[in-house]
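Below: the structure, in structure tokens.
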Amino acid sequence: MNRWLRERVDAAYERLLSREIAGVPTHVAVIQDGNRRYARRRGSDATDGHRAGAETTERVLEWCQEVGVEELTLYAFSTENFERPPEEREALYDLLCEKLREFADAERVHDNGVKIRALGAVERLPERVRDAVDYAEDRTREYDRFVLNIALAYGGRSELLEAARGVAADVESGEVAPEEIDVGAIERRLYDDPVRDVDLIIRTGGDERTSNFLPWHANGNEAAVFFCTPYWPEFSKADFLRGIRTYEHRQESWRRTRARRALALLGAMSDRDLAEARSIVDRFRDSLPTAEQPDDEELEAVDSSGPAAD
């Protein structure tokens with residue numbers, strides 16, 4: 001297929017996907033995998049792959065704002081990246097500094113009210129990267145229309161471990177009683193500012209794993225996950241929209257499952273719980289396939305039958 005025809009087909013597919021999407025996730029998290037493999041395939045060094053990937057990052061930010069996503073988290077530098085060869089690490093640090101400052105000064109960032117913030121053990125990074133992080137955060141601190149999280153020196157397990165240690169220290173000092181430990185107590189120790197629960201994780205490059213990424217906010221929220229084969233520099237708008245569609249299908253499946261459970265349990269509900277179960281069925285009835293949707297007479301029959309015998 002020649003390039004012109006391929007572009008026409010891709011554009012038509014994007015339009016089709018755009019029309020199919022009715023709802024979007026609030027928070028999307030992306031594992032940007034495949035930069036080095038992309039570079040090797042093209043006979044380039046790893047730095048060229050990371051730079052090409054940075055261009056994709058800029059496009060994804062625009063796509064998120066186009067469809068209505070409110071928060072985007074990018075896995076830019078994991079704790080495992082410290083094990084990479086020194087020359088590759090230094091090139092990554094330089095690219096991070098360049099892009100953080102470029103984003104912080106970009107007109108579109110300020111026009112769209114984008115808050116930039118870093119997640120992770122930023123103190124482990126070189127001073128020049130920490131300075132770039134401070135610059136980007138300071139320049140966008142007052143914005144709240146869109147949040148761009150850059151995960152740097154990030155590891156999900158270590159993040160949860162530090163939060164647990166913080167809670168333990170507060171209990172030992174008497175600042176917090178054990179019975180006061182709740183979800184909020186953990187979340188307050190994870191980040192200075194709240195991070196929304198993750199609705200969708202996208203991973204490029206072909207691997208089907210979430211690599212210790214945002215375990216509290218993604219796994220705890222049972223986020224939808226979209227794995228795709230293109231390397232990050234090749235990730236297209238059609239791929240992005242397919243990820244959004246995966247989230248929608250996950251939400252539809254959840255609604256159907258809840259409606260089916262509520263319908264199946266209606267007859268076993270106590271009088272106290274019956275009204276709540278009925279309201280769930282009413283709310284989610286349209287999510288069921290037509291053949292499974294109960295009509296009003298069926299629901300009335302269940303209501304009048306009363307609770308099941310013990």
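Heads up: numbering here begins at 1 and tracks the sequence. Just so you know, these numbers come straight off a predicted model, no measurement behind them.
- For the atom pair CG (Asp239) and CD1 (Ile202), the distance works out to 9.0 Å, reported to the nearest 0.5 Å.
- Of the inter-residue distances, the one linking Tyr231 atom OH with Arg36 atom CZ reads 12.0 Å to the nearest 0.5 angstrom.
- Using a 4.5 Å heavy-atom cutoff, the side chains of Leu125 and Leu96 are not in contact.
- Counting heavy atoms from C-beta on, the side chains of Ile186 and Trp216 come closer than 4.5 Å.
- For the pair Asp131 and Arg128, the salt-bridge criterion is not met [side-chain N within less than 4.0 Å of a carboxylate O].
- Considering only heavy atoms from C-beta on, Cys228 comes within 4.5 Å of Thr204 through its side chain.
- No salt bridge links Arg40 with Asp45; every basic N to acidic carboxylate O contact stays at or beyond 4.0 Å.
- In plain terms, the two heavy atoms of Ala223 and Leu200 that are nearest each other are CB-N, 4.2 Å.
- Between Phe240 and Phe235, the ring planes are perpendicular. Angles over 60° get that label, and only those under 30° would be called parallel.
- Tracing side-chain contacts under 4.5 Å through hydrophobic residues (I, L, V, M, F, W, Y), one never reaches Tyr143 starting from Val195; they form parts of separate clusters.
- Residues Val147 and Leu190 fall into different hydrophobic clusters, defined by Ile, Leu, Val, Met, Phe, Trp and Tyr side chains chained together at heavy-atom separations under 4.5 Å.
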Next on the checklist: The test is salt bridge (Lys or Arg N to Asp or Glu O under 4.0 Å); show your working for Arg101 and Asp105 and say whether it passes.
Outcome noted: CA-CA 6 Å; Arg101 293 183 180 276; Asp105 292 332; over 6 Å; no
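- Asp170 and Ser173 share no side-chain donor-acceptor pair at under 3.5 Å.
- Interatomic distance, Lys237 NZ to Glu66 CD, rounded to the nearest 0.5 Å: 4.0 Å.
- Scanning all heavy atoms of the two residues, the minimum distance from Gly156 to Pro215 falls at CA-CD, 3.6 Å.
- Salt-bridge formation is not detected for the pair Arg108/Asp111: no Lys NZ or Arg NE/NH1/NH2 atom is positioned less than 4.0 Å from an Asp or Glu carboxylate oxygen.
- Under a 3.5 Å cut-off, the side chain of Glu180 and the backbone N or O of Ala177 do form a donor-acceptor pair.
- We find that Lys115 and Glu142 are not joined by a salt bridge, their nearest charged nitrogen and carboxylate oxygen being 4.0 Å or further apart.
- With a 4.5 Å cut-off on side-chain heavy atoms, Val176 and Ile181 count as touching.
- Closest heavy-atom contact between Cys97 and Ala132: CA-CB, 3.9 Å.
- Checked by atom type and distance alone, the side chain of Asn112 never pairs as donor or acceptor with a backbone atom of Val109 at under 3.5 Å.
- Judged purely by atom type and a 3.5 angstrom limit, Arg89 uses its side chain to pair as donor or acceptor with the backbone of Arg84.
- Here Arg165 pairs with Glu162 in a salt bridge; the nearest charged N to carboxylate O distance falls below 4.0 Å.
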Next on the checklist: Could you go through Glu71 and Arg196, starting from their C-alpha distance and side-chain angles, then the distance that decides it, and tell me whether this counts as salt bridge (Lys or Arg N to Asp or Glu O under 4.0 Å)?
Outcome noted: CA-CA 8 Å; Glu71 187 161 349; Arg196 294 178 179 91; 2.7 Å; yes
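- Within 6.0 Å of CZ on Arg42 lie no more than 12 heavy atoms contributed by other residues, nucleotides or ligands.
- Hydrophobic clustering places Leu241 together with Leu72 (ILVMFWY residues linked when any side-chain heavy atoms are closer than 4.5 Å, directly or through intermediates).
- One distance of note links CG of Asp199 with CD of Glu248; it measures 12.0 Å at 0.5 Å rounding.
- Of all heavy-atom pairs spanning Pro233 and Gly53, the tightest one is CG-N, 3.9 Å.
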Next on the checklist: Evaluate His110 against Arg139 for side chain to side chain contact (heavy atoms under 4.5 Å, CB included), listing each step before the verdict.
Outcome noted: CA-CA 9 Å; His110 297 282; Arg139 288 273 284 150; 3.3 Å; yes
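- In this structure, Phe226 and Arg242 have side chains that are in contact, with non-hydrogen atoms separated by less than 4.5 Å.
- Side-chain contact between Val114 and Phe103: absent, with no pair of heavy atoms (C-beta onward) separated by less than 4.5 Å.
- Of the possible donor and acceptor atoms, one in the side chain of Gln32 sits under 3.5 Å from a partner among the backbone N and O of Tyr75.
- Under a hydrophobic clustering in which Ile, Leu, Val, Met, Phe, Trp and Tyr are joined whenever their side-chain heavy atoms come within less than 4.5 Å, directly or via other members, Val122 and Phe82 fall into the same cluster.
- Aromatic ring orientation, Phe77 versus Tyr93: tilted (interplanar angle from 30° to 60°).
- Results of the side-chain contact (heavy atoms from CB on, under 4.5 Å) test with Leu100 over Asp134, Leu95, Val133 single out Val133 as the only residue that passes.
- The backbone N or O of Arg209 lies less than 3.5 Å from no partner atom in the side chain of Asp207, so there is not a single donor-acceptor pair.
- For the pair Cys64/Phe146, a side-chain contact is recorded, criterion being any heavy-atom separation below 4.5 Å from C-beta on.
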Checklist entry - Can you check side chain to side chain contact (heavy atoms under 4.5 Å, CB included) on Arg145 and Glu70, steps first, answer last? => result CA-CA 7 Å; Arg145 283 159 49 196; Glu70 297 178 19; over 6 Å; no
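- Ion pairing between a basic and an acidic side chain is recognised when a charged N comes within 4.0 Å of a carboxylate O; Glu102 and Lys99 show such pairing.
- Within a 6.0 Å sphere centred on CD of Glu123, heavy atoms belonging to other residues, nucleotides or ligands number more than 12.
- The minimum heavy-atom distance linking Ala29 with Leu214 is given by the pair CB-CD1, 3.7 Å.
- Under a hydrophobic-cluster definition in which Ile, Leu, Val, Met, Phe, Trp and Tyr are linked whenever side-chain heavy atoms come within less than 4.5 Å, directly or via other members, Val183 and Leu161 are assigned to different clusters.
- Atoms CG and CH2, on Asp33 and Trp232 in that order, are 10.5 Å from each other to the nearest 0.5 Å.
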Next on the checklist: side chain to side chain contact (heavy atoms under 4.5 Å, CB included), that's the test. Do Leu152 and Leu119 meet it? Break it down for me.
Outcome noted: CA-CA 6 Å; Leu152 298 170; Leu119 308 179; over 6 Å; no
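- A centroid separation of less than 6.0 Å is found between the aromatic rings of Tyr191 and His217.
- No donor-acceptor pair closer than 3.5 Å links the side chain of Ser158 to the backbone N or O of Tyr154.
- Although no hydrogens or angles enter the test, the distance criterion places no donor-acceptor pair under 3.5 Å between the side chain of Thr229 and the main chain of Gly205.
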Next on the checklist: Please determine whether side chain to side chain contact (heavy atoms under 4.5 Å, CB included) holds for the pair Val28 and Thr73, giving the CA-CA distance in whole Å, both sets of side-chain angles, and the decisive distance to 0.1 Å.
Outcome noted: CA-CA 6 Å; Val28 174; Thr73 300; over 6 Å; no
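- The shortest distance between side-chain heavy atoms of Asn149 and His27 falls below 4.5 Å.
- Residues Ala136 and Ile116 share a closest heavy-atom pair of CB-CG2, 4.0 Å.
- Note that the CG atom of Leu74 and the CD1 atom of Ile31 stand 11.0 Å from one another [nearest 0.5 Å].
- Without hydrogens or angle criteria, Arg117 side chain to Glu137 main chain gives no donor-acceptor distance under 3.5 Å.
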